[in-house]
Student: 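Got a structure here, written out as structure tokens. Questions coming.
None of these values were measured; they are calculated from a predicted model. Each chain gets a letter, A, B and so on, in the order its sequence line appears, and its residues count up from 1.
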2 protein chains.
Amino acid sequence: MSGFSEKTSFAKAPETVAKTGISVMIKAVPQGSFFIFDIRHLELSIKHLLMPSAVNHDATVLRRIFQMSIPNNRLLSALDSGSFRKLHSKLETVPLEFGKDIYQPGEISTFVYFPESGIISLLSSVETDSTLEVGIVGNEGMVGIGVFLGVEKANNHALVQGEGTAFRMRSADLQAAVENDNQLRRVINLYVHSLITQISQTAACNRYHDIESRLARWLLMTQDRMRSDEFRITQEFLSNMLGVRREAVSKAAAGLQSNRLISYSRGNLSILNRKDLEKTACRCYRVIKKDYDDFLKESAF
Amino acid sequence: MSGFSEKTSFAKAPETVAKTGISVMIKAVPQGSFFIFDIRHLELSIKHLLMPSAVNHDATVLRRIFQMSIPNNRLLSALDSGSFRKLHSKLETVPLEFGKDIYQPGEISTFVYFPESGIISLLSSVETDSTLEVGIVGNEGMVGIGVFLGVEKANNHALVQGEGTAFRMRSADLQAAVENDNQLRRVINLYVHSLITQISQTAACNRYHDIESRLARWLLMTQDRMRSDEFRITQEFLSNMLGVRREAVSKAAAGLQSNRLISYSRGNLSILNRKDLEKTACRCYRVIKKDYDDFLKESAF
DNA sequence: CATCGTATGTGCGATACCGCACATATTAAG
DNA sequence: CTTAATATGTGCGGTATCGCACATACGATG
């Protein structure tokens with residue numbers, strides 16, 4: 001596959017990269033060695049691959065090639081090299097800055113976004129003041145399914161909740177791409193389904209479960225997507241996500257803290273005991289995660 | 001609606017049926033006259049058309065032509081005649097019986113359904129006992145978007161909430177049709193978007209608004225789809241829809257009744273004052289309805 | 001250092017909703 | 001008619017959450 005034809009002085013560089021099933025094989029001829037890794041663990045694998053003991057050539061070049069050929073977004077990485085190459089020229093990388101509005105309700109969606117890292121929250125609201133998070137998007141998904149579905153205007157609010165980067169693409173380019181590329185359509189269709197499930201389950205969860213459980217669920221979902229045990233987050237922000245008073249967040253967080261599940265001080269939140277946090281969270285977390293995992297399984301082929 | 005004059009008689013059945021915009025033109029050649037009516041009032045119009053005083057030929061033939069050419073489901077009727085004819089052989093009409101499960105979560109979806117009348121509720125649940133309605137489907141939509149999106153198993157519970165009839169179609173047939181028919185795909189895509197909006201807005205509504213407002217909203221949405229002022233519905237059932245105790249439904253209904261907005265006795269519910277009921281309902285009703293109307297506008301072309 | 005804005009902790013009364021218990025009305029079945 | 005099953009109305013104490021008020025802590029900025 002792809003751009004390994006680079007004349008980059010790869011005396012010791014991989015000569016061929018072939019995608020087989022869900023894994024990617026890299027063959028580094030001079031050493032006669034090769035590496036296989038699961039694209040689901042791309043980051044991990046790259047680190048491994050770049051360990052000096054294994055490879056002794058220019059790490060940055062290799063990394064760049066990797067990033068070009070296998071984007072760290074599940075939707076894009078599920079595409080075969082042909083599909084992705086066609087998209088590639090339309091994509092640009094942009095930073096996701098905390099608190100930035102990606103979409104405002106009613107606004108024309110100029111771009112769609114495929115996060116590589118960071119998190120974007122999808123919010124619904126009643127009477128402008130009271131907001132509620134209905135969905136979370138990380139590198140497993142995209143923001144802009146409205147565009148994919150043929151609607152110009154965003155219907156809900158999309159907000160950067162955790163810093164990172166994303167590919168973005170003009171809406172028109174996406175629509176054109178979708179029109180011609182069955183594979184792309186199929187992958188995004190599956191994602192849309194997964195998102196609907198997430199929204200539905202979250203709705204029931206918000207109705208039935210108490211704040212502390214929901215906070216636990218939210219933290220777990222965030223951690224899954226941030227792949228970090230620590231993040232900065234204000235109570236005010238959390239209150240908008242969970243749809244409760246800020247004071248209630250304060251109380252719920254104190255509850256989790258007293259059980260040593262998290263430590264939370266002035267916006268610096270870190271998860272201390274993931275296992276027990278899962279117990280505190282309602283089953284909804286598992287339900288959503290299962291669907292999410294199934295979706296990843298189905299979309300990787 | 002419109003130019004249906006009583007005096008005009010159909011010596012013969014309409015010779016051509018042409019769709020223009022959102023209206024349908026029927027040309028009855030012998031008289032050189034034609035009729036235009038809004039497909040939104042199709043049922044009404046057909047009844048009117050088939051009044052003995054107006055028509056003196058074989059009513060069943062005419063009715064069949066109508067049903068073949070303009071199904072009373074917005075998704076199907078948005079298709080041009082070519083698209084629809086291709087689907088037609090795959091469709092069969094089935095009754096929607098009250099209380100029947102269309103989908104159970106986790107179950108393989110054998111069929112998809114395009115209601116012509118009646119209502120199907122989409123339910124989400126936590127721990128089997130506590131359910132919550134996340135979406136309502138009437139003749140504006142379909143049940144089985146999971147199939148459309150490429151997923152075999154249903155993710156949520158779909159339940160007949162109001163009797164009626166629906167077209168149904170094998171899932172495989174839908175998938176094949178979607179693959180080849182851009183127009184069909186486009187229409188259902190728009191519907192999926194509309195449904196996502198509905199689910200999201202409902203989620204926020206359930207979080208923020210009190211039971212009486214939500215009950216009012218629910219009744220309005222149901223009335224829109226049943227096109228009837230009266231329906232049978234138990235408190236137990238309503239409690240599952242709104243995700244509250246049955247007793248709470250009793251209280252909320254009593255509230256509406258004391259203001260003479262509805263009359264409700266032992267399952268027989270009738271809406272007395274729609275206007276004021278809309279005032280009691282939260283703004284969510286309007287928001288959802290607006291999106292729903294916009295969707296209908298966009299999908300009719 | 002002083003100041004100010006922002007984030008956080010806490011307490012208290014009000015309220016919406018829950019859970020349960022029980023009475024009553026209606027329909028269905030024997 | 002009797003009985004059972006189902007649907008509905010009502011009351012009461014408990015609890016989660018709200019709304020508001022206020023005290024406190026921290027960070028940025030001058």
Side-chain angles (χ1 to χ4, degrees), chain A residues 98-99 125-127 129-133 161 203-219 230-259 262-270 280-282, chain B residues 98-99 125-127 129-133 161 203-219 230-259 262-270 280-282:
Chain A
F98 177 80
S125 62
V126 296
E127 279 101 41
D129 48 333
S130 311
T131 69
L132 175 70
E133 181 181 71
Q161 181 225 113
C205 181
N206 283 331
R207 176 64 198 78
Y208 287 107
H209 297 317
D210 65 15
I211 298 180
E212 199 166 319
S213 306
R214 277 149 56 201
L215 176 58
R217 168 177 64 75
W218 191 91
L219 293 173
E230 310 185 355
F231 24 89
R232 289 199 50 92
I233 199 78
T234 71
Q235 295 184 350
E236 177 71 25
F237 187 87
L238 281 172
S239 81
N240 285 324
M241 296 300 116
L242 301 176
V244 297
R245 282 155 60 245
R246 182 195 59 73
E247 295 91 322
V249 173
S250 181
K251 204 174 173 185
L256 295 180
Q257 201 162 199
S258 73
N259 293 331
I262 65 170
S263 100
Y264 188 21
S265 163
R266 313 236 135 242
N268 294 310
L269 194 151
S270 60
T280 302
C282 39
Chain B
F98 177 80
S125 62
V126 296
E127 281 101 41
D129 48 334
S130 312
T131 70
L132 176 70
E133 182 182 71
Q161 181 225 115
C205 181
N206 284 329
R207 176 66 199 78
Y208 286 109
H209 297 318
D210 65 15
I211 298 181
E212 199 166 318
S213 307
R214 276 150 57 202
L215 176 58
R217 169 177 63 75
W218 192 91
L219 292 173
E230 310 183 356
F231 25 88
R232 290 198 51 90
I233 198 81
T234 70
Q235 295 184 350
E236 177 71 26
F237 187 87
L238 281 172
S239 81
N240 285 324
M241 296 299 116
L242 302 176
V244 297
R245 280 156 60 247
R246 182 195 58 74
E247 296 91 321
V249 173
S250 181
K251 203 173 174 187
L256 296 180
Q257 203 162 197
S258 75
N259 293 332
I262 65 171
S263 99
Y264 188 21
S265 162
R266 310 240 136 237
N268 294 311
L269 195 152
S270 60
T280 302
C282 39

Student: Nearest of D:dA16, D:dC18, C:dC20 to any side-chain atom of A:Asp210?
Tutor: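 Per side-chain heavy atoms of A:Asp210, the pick is D:dA16.
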
Student: Would you say B:Gln235 places a side-chain N or O within less than 4.0 Å of OP1 or OP2 belonging to D:dG9?
Tutor: yes

Student: Nearest whole Å is fine: how far is C:dT6 P from A:Leu238 CG?
Tutor: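 Rounded to the whole Å, the gap is 19 Å.
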
Student: Hey, do the aromatic rings of A:Phe237 and A:Phe98 have their centres closer than 6.0 Å?
Tutor: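 Yes, they do, as the ring centres are separated by less than 6.0 Å.
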
Student: Identify every side-chain donor-acceptor pair in residues 205-212 of chain A under 3.5 Å, counting partners at least two apart or on other chains, and give the distances.
Tutor:
from     : atom 1 : to       : atom 2 : distance (Å)
A:Asn206 : OD1    : A:Arg214 : NE     : 3.2
A:Asn206 : ND2    : A:Thr202 : O      : 3.3
A:Arg207 : NE     : B:Gly243 : O      : 3.0
A:Arg207 : NH2    : B:Gly243 : O      : 3.0
A:Tyr208 : OH     : B:Thr131 : N      : 3.4
A:Tyr208 : OH     : B:Thr131 : O      : 2.5
A:Asp210 : OD1    : A:Ser213 : N      : 3.1
A:Asp210 : OD1    : A:Ser213 : OG     : 2.8

Student: For the pair made of CG in A:Asn240 and P in C:dA7, what is the distance, rounded to whole Å?
Tutor: 12 Å

Student: Pick one: which of A:Thr234, A:Leu219, A:Leu256 meets side-chain contact (heavy atoms from CB on, under 4.5 Å) with A:Leu269?
Tutor: A:Leu219

Student: Does A:Tyr208 or A:Thr234 map to a spot on DNA chain C nearer the 5' end, using the closest nucleotide for each?
Tutor: A:Thr234

Student: What integer distance in Å separates B:Phe237:CZ from D:dT6:C1'?
Tutor: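 These atoms are roughly 16 Å apart.
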
Student: On DNA chain D, check which nucleotide each of A:Glu212 and B:Lys251 is closest to and give me the residue with the more 5' one.
Tutor: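 In this pair, the answer is B:Lys251.
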
Student: Using a 4.5 Å cut-off on heavy atoms from C-beta on, say whether the side chain of A:Val126 contacts that of A:Leu132.
Tutor: no

Student: Could you state the NE2-P distance from B:His209 to D:dT17, rounded to the nearest angstrom?
Tutor: 19 Å

Student: Could you check B:Val244 against A:Gln257 and say which one's nearest nucleotide on DNA chain C is further toward the 5' end?
Tutor: A:Gln257

Student: Does some side-chain heavy atom of B:Gln235 sit less than 4.5 Å from a side-chain heavy atom of B:Glu247?
Tutor: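 With C-beta onward as the side chain, the pair stays apart.
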
Student: OP1 or OP2 of C:dC18 less than 4.0 angstrom from a side-chain nitrogen or oxygen of A:Arg207, does that happen here?
Tutor: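 For A:Arg207, the contact criterion (side-chain N or O under 4.0 Å from OP1 or OP2 of C:dC18) is met.
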
Student: Between A:Ser250 and C:dT8, is there a side-chain N or O to OP1/OP2 distance below 4.0 Å?
Tutor: no

Student: So if I take the C1' atoms of five pairs at each end of the helix from C:dC1-D:dG30 to C:dG30-D:dC1 and get each local axis, what angle do the two axes make, rounded to 10 degrees?
Tutor: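 Its terminal axes enclose an angle near 30°.
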
Student: Can you say whether a donor on the side chain of A:Glu247 sits under 3.5 Å from an acceptor on the base of D:dC18, or the other way round?
Tutor: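 Between D:dC18 and A:Glu247, which were checked side chain against base, a qualifying N/O pair under 3.5 Å is absent.
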
Student: How would you label the contact of B:Tyr264 with the nucleic acid (heavy atoms, under 4.0 Å): base, sugar-phosphate, or nothing?
Tutor: sugar-phosphate

Student: Expressed in angstrom and rounded to an integer, what is the separation of B:Ile211 atom CD1 from D:dT17 atom C1'?
Tutor: 14 Å

Student: Want to settle it: does B:Ala254 or A:Ala248 sit nearer the 5' end of DNA chain D, counting the closest nucleotide to each?
Tutor: B:Ala254

Student: Could you check whether B:Arg232 gets within reach of a base, just the sugar-phosphate, or nothing at all, counting any heavy atom under 4.0 Å?
Tutor: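 No contact.
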
Student: What pair of heavy atoms forms the shortest contact from B:Gly255 to B:Ser258, and how long is it?
Tutor: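 For B:Gly255 versus B:Ser258, the nearest heavy atoms are O-OG, 2.9 Å.
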
Student: In whole angstrom, give the distance that lies between atom CG of B:Asn268 and atom C1' of D:dA7.
Tutor: 12 Å

Student: Heavy atoms only: give me the nearest B:Arg232-B:Arg266 pair and the separation to one decimal.
Tutor: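 Answer, listing the atom of B:Arg232 first, then B:Arg266: NH2-O, 3.8 Å.
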
Student: Are any of the side-chain heavy atoms of B:Leu215 and B:Leu238 separated by less than 4.5 Å?
Tutor: yes

Student: Can you say whether a donor on the side chain of A:Arg246 sits under 3.5 Å from an acceptor on the base of C:dG9, or the other way round?
Tutor: yes

Student: Mind calculating the distance between CG (A:Asp129) and C1' (D:dC20) to the nearest angstrom?
Tutor: 16 Å

Student: Let's see if you can work this out: which of C:dC17, D:dC20, C:dT8 has an atom nearest to the side-chain heavy atoms of A:Arg245?
Tutor: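 Taking heavy atoms from C-beta onward, the closest nucleotide is D:dC20.
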
Student: Can you find an N or O donor on one side and an acceptor on the other, under 3.5 Å apart, linking the side chain of A:Arg266 with the base of D:dG27?
Tutor: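 There is none.
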
